[in-house]
Each structure stands twice: as structure tokens, then as C-alpha cells.
Amino acid sequence: MIQPVGARITGVGAAVPASVVTNADLERLVDTSDEWITTRTGIKQRRVVSENETATGLAVAAAREAIAYAGIAPGEIDLIIVATSTPDNLYPSTACMVQAAVGAQRAAAFDLEAACSGIIYALAVGQQFIGSGTFKTVLMVGVDIHSRFLNWEDRNTCILFGDAAGALVMQAADGENEILATYLRADGTGGHLLSIPNYGTAYPHAGTTPPKAVNRYLHMNGRAIYEFAVNAVPEAVRAACARAGIRVEDIDFFVPHQANQRIIKAAAERLKFKPEQIVSNLDQYGNTSAASIPLALRDALARGQIKPPATCALVGFGGGLTWGAAIIRWTAAERQMTEGFPNE
Ligand code: COA
């Protein structure tokens, strides 16, 4: 049985930095090739912030697009959740900065950290606030600027990530139950497999001036993360479908976290999704962490790949380890969404 939760997605938006870094550009930085990156990951290019661009700036641009798409006034927003692992500062939270910039004066605001699964966690939290009747309108933003934490001399990691923000507006719906179910998991015993260490208070010299030289780059065990992901994604989709009271065969579109095309393909095969059901724009943007799912969703709506009515399985996985899924019945009337980003 589908549990009516009365929350639906009414707005989608995204923003990316203007600067494009191609695989050919990376060939000049590290010992790699376009051929290696393309066959191992599916990534052809990614966007990278300039010196004066920030997570807040990208988040605000994505939020504004989602707010306009939803056709709401910023003053209607009750809660802002920003999912990010790369905030501008430890505090104020990125969510509070977004609240000020978009003029959502009534909204409560906080950041949520679940790495690349962040937007799925945010969806689940927003759904709870709406389902309980506490709030009517929630803005969720996933934003990450991993380029500031990459070792651009490490070919194992620097080729994978891109910077971006994606946003969703969730509203209480009269008689509509478009978020059918969410499913969240975590396994902290695998935390060391994907981490940005030495950034927080576990590093005793964090406050010294000048800061001591320290390796605070992103670290990853690629093979272990790959194995984790190809198992976690099908598990999350099956569990979320079971909670929604639907079969995996009822899913029209698979919107996975965009980390690696081979992971997406392997998971899709296990779930028996056909190629045309897979939403992917990884080739253009790389792994944009918490932003990737709304960025891919926005792209699929703009390209007309997803047309309502459509049941979509959104699936995240990443550092923590964390993973999870949300099943969304996309029934909103099709609205105009252009392929170019408003912030460009
Ligand atoms: N260019 C060329 N060669 C590279 C390279 C690059 N950018 N990166 C690694 N290599 C080399 C390695 O050094 C290794 O060489 P060696 O055998 O001489 O030591 C060789 O390629 C094979 O490396 P391996 O790690 O076995 O490759 P892989 O097939 O596992 O692919 C990843 C590596 C990172 C693409 C893959 O493991 C992966 O996608 N993992 C998941 C990562 C992910 O999604 N992270 C984010 C999750 S949110």
C-alpha cells in the first residue's frame, strides 16, 4: 500500500560555473588520456569554479531557478535545507546564506552533510516536515565544490569531480502524493574509503597561522567505492519501491547519482532498466556530488526525456558511507525549462 505523505516536488533548478575543463585539459595536468577517462568513467568534461565563485553563489542561482519553476514567492518558504560537504564556511551555514540571498525571511535553515547522498537525505527530511504538517514549503539545495579539495596532481581523483548546484522545491499537496517513498542507509565502517581528512577539528593545527602544511585533499579507494555502489544502488531502489508499494518494473526513469557511467550501467542492468530509462548527464558535468541528482533531473526535463506522468527512482550513494533512494511520481504539468542555465 502506498502511504499518503502529501508532499510533492514542484520546482527544479540547477547552476554550474561557466568554466569548462575537458579531458584534454587534464591531459596537460596529469598522466592520463581522454580515452582512459572516457572508457573508465564516461566523463568528457566538467565545470570548475573560478577563484571568486562560491558554494553559496551556485546554491542561490539553483534555488532561484527552482523557486521560479515552482511559481512561489520566496516568502512562502518555511524551511531551507542545503546538502553540502563543501560549505563556504563552518558557519554561518550555507543554508542561512541562501535564505538571506533569496529573501526567504520566514524560513528556518540548516545544512545537512551526507556527501553525494545529501539531496536524497534532504528529500527524506523535507518529506517528514511536510508529512507531519509542520511546514508547507521546503527548498532543498545540493551543492558541492570539490575542485577546492582535489589534488590536481592525483590522476586517480582529479578526473572525476565537477562543481555544481541543484535545487528542488517540495510542497504540501492537496490530494497528491507524489513522493511515494524514501529509503536511507549509512555504514560508517566504510568512512575511510572516501574522505576529505584533516579539514575539521580532528586536525589539531587547523587554527594555526600560517596553517601547517597538511594533506587535506579528497582520498578515495576507487575499487572499493565501485563495489559498494553497484550493490547499494539496486538495494536502495528495491527497498524504496517496496516501501512505495510498487514494483521495480513500474519505474519509468532511473535518476542515479552521477559518479561513473560504468556504475550506472551495472546497477541499471541489475535492475533490468532499459538504456532509454536511464537519466545521465555525467559526460558533461562529472561527479557533482550532492548536486548531481537535481542537475540530471533538470537536464532530463529540459531535454524532454522525462515527461509527466512518470515514476522516477532517484538514487544517491557516497561518502559516509551513505546511500538512499526516493520514488517520485512526476505528474506536474510540463513547464517551460530551457536547456541553458539562467546563471550563465
Ligand atoms: N588516467 C590513467 N590511468 C589511471 C588514471 C587516470 N586518470 N587513474 C588511475 N589510473 C591507473 C591506475 O594508476 C592503475 O594503474 P596501475 O595498474 O599501473 O597501478 C590503473 O589505471 C587501473 O586503476 P584502477 O583503480 O584499477 O582502475 P579502475 O578500473 O578501478 O577505475 C575508477 C578507477 C576510479 C574510475 C573506478 O574505480 C571508479 O569509478 N570507482 C568509483 C569512484 C567513485 O564513483 N567515487 C565517487 C563516489 S560518490
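Each ligand, and each atom within it, is numbered from 1 in the order the structure gives.
Close approach to Asn260 involves these atoms of ligand 1, each under 4.0 Å from a residue heavy atom: 35 (C), 38 (C), 39 (O). Interface atoms of ligand 1 facing Phe317, defined by a heavy-atom separation under 4.0 Å, are 48 (S). Interface atoms of ligand 1 facing His257, defined by a heavy-atom separation under 4.0 Å, are 48 (S). In the vicinity of Arg40, heavy-atom distances shorter than 4.0 Å reach the ligand 1 atoms 22 (C), 27 (O), 28 (P), 29 (O). Ligand-side atoms of ligand 1 in range of Cys116: 48 (S), range being under 4.0 angstrom from any heavy atom. Less than 4.0 angstrom separates some heavy atom of Asn287 from each of these atoms of ligand 1: 46 (C), 48 (S). Residue-ligand proximity, Ala259 to ligand 1, at heavy-atom distances under 4.0 Å covers atoms 44 (O). Ligand 1 places these atoms under 4.0 Å from at least one heavy atom of Arg223: 24 (P), 26 (O), 30 (O), 37 (O).
In terms of polar-atom proximity, Gly222 is counted as a contact of ligand 1, with an N or O under 3.5 Å from an N or O of the ligand. Geometrically, ligand 1 and Arg155 share a nitrogen or oxygen pair separated by less than 3.5 Å.
Per-atom contact check: atom 14 (C) of ligand 1 does not touch the protein, criterion being a heavy-atom distance below 4.0 Å. By the definition of a contact as any protein heavy atom under 4.0 Å away, atom 32 (C) of ligand 1 is not in contact. Atom 44 (O) of ligand 1 is flagged as protein-proximal [any protein heavy atom, distance under 4.0 Å]. Counting only heavy atoms, the protein gets under 4.0 Å from atom 3 (N) of ligand 1. For atom 19 (O) of ligand 1, the nearest protein heavy atom is 4.0 Å or more away.
Considering only non-hydrogen protein atoms, atom 34 (C) of ligand 1 sits nearest to Met220 CE, 4.0 Å. In terms of protein heavy-atom proximity, atom 10 (N) of ligand 1 is closest to Trp36 CZ2, 3.4 Å. Protein heavy atom in closest approach to atom 47 (C) of ligand 1: Ile225 CG2, 3.6 Å. Residue, atom and distance of the protein heavy atom nearest to atom 9 (C) of ligand 1 are Asn156 OD1, 3.1 Å. For atom 36 (C) of ligand 1, the nearest non-hydrogen atom of the protein is Arg262 NH2, 4.0 Å.
With hydrogens and angles disregarded, no donor-acceptor distance shorter than 3.5 Å links the side chain of Asp144 to the backbone of Ala291. Checking side-chain atoms of Thr84 against main-chain N and O of Val143 turns up a donor-acceptor pair under 3.5 Å. One N or O on the side chain of Asp111 and one on the backbone of Ala95 form a donor-acceptor pair closer than 3.5 Å.
Contacts with ligand 1 closer than 4.0 Å are made by heavy atoms of both the backbone and the side chain of Thr32. Neither the backbone nor the side chain of Val30 has any atom closer than 4.0 Å to an atom of ligand 1 (non-hydrogen atoms only).
In this structure, Tyr217 OH and Arg148 CZ are separated by 13.5 Å, a value rounded to the nearest 0.5 Å.
Between Glu269 and Lys265, at least one side-chain N (NZ, or NE/NH1/NH2) sits under 4.0 Å from a carboxylate O, which counts as a salt bridge.
Under the side chain to side chain contact (heavy atoms under 4.5 Å, CB included) rule, Gln258 has a single partner from Ile264, Thr288, Leu295, which is Ile264. Between Val138 and the options Leu123, Ile130, Asp78, a side chain to side chain contact (heavy atoms under 4.5 Å, CB included) holds for only Ile130. A side chain to side chain contact (heavy atoms under 4.5 Å, CB included) with Ile327 is found for one member of Ile251, Ile179, Leu314 and no other, namely Ile251.
The 12-atom threshold is not exceeded at CD of Glu153, counting heavy atoms of other residues, nucleotides or ligands nearer than 6.0 Å. Counting heavy-atom neighbours within 6.0 Å of Leu29 CG, excluding the residue itself, gives a total above 12.
The closest side-chain donor-acceptor pair between Asp250 and Thr311, if any, does not fall under 3.5 angstrom. The closest side-chain donor-acceptor pair between Gln45 and Thr22, if any, does not fall under 3.5 angstrom.
A perpendicular orientation is assigned to the rings of His257 and Phe317, their planes being inclined by more than 60° (bins at 30° and 60°).
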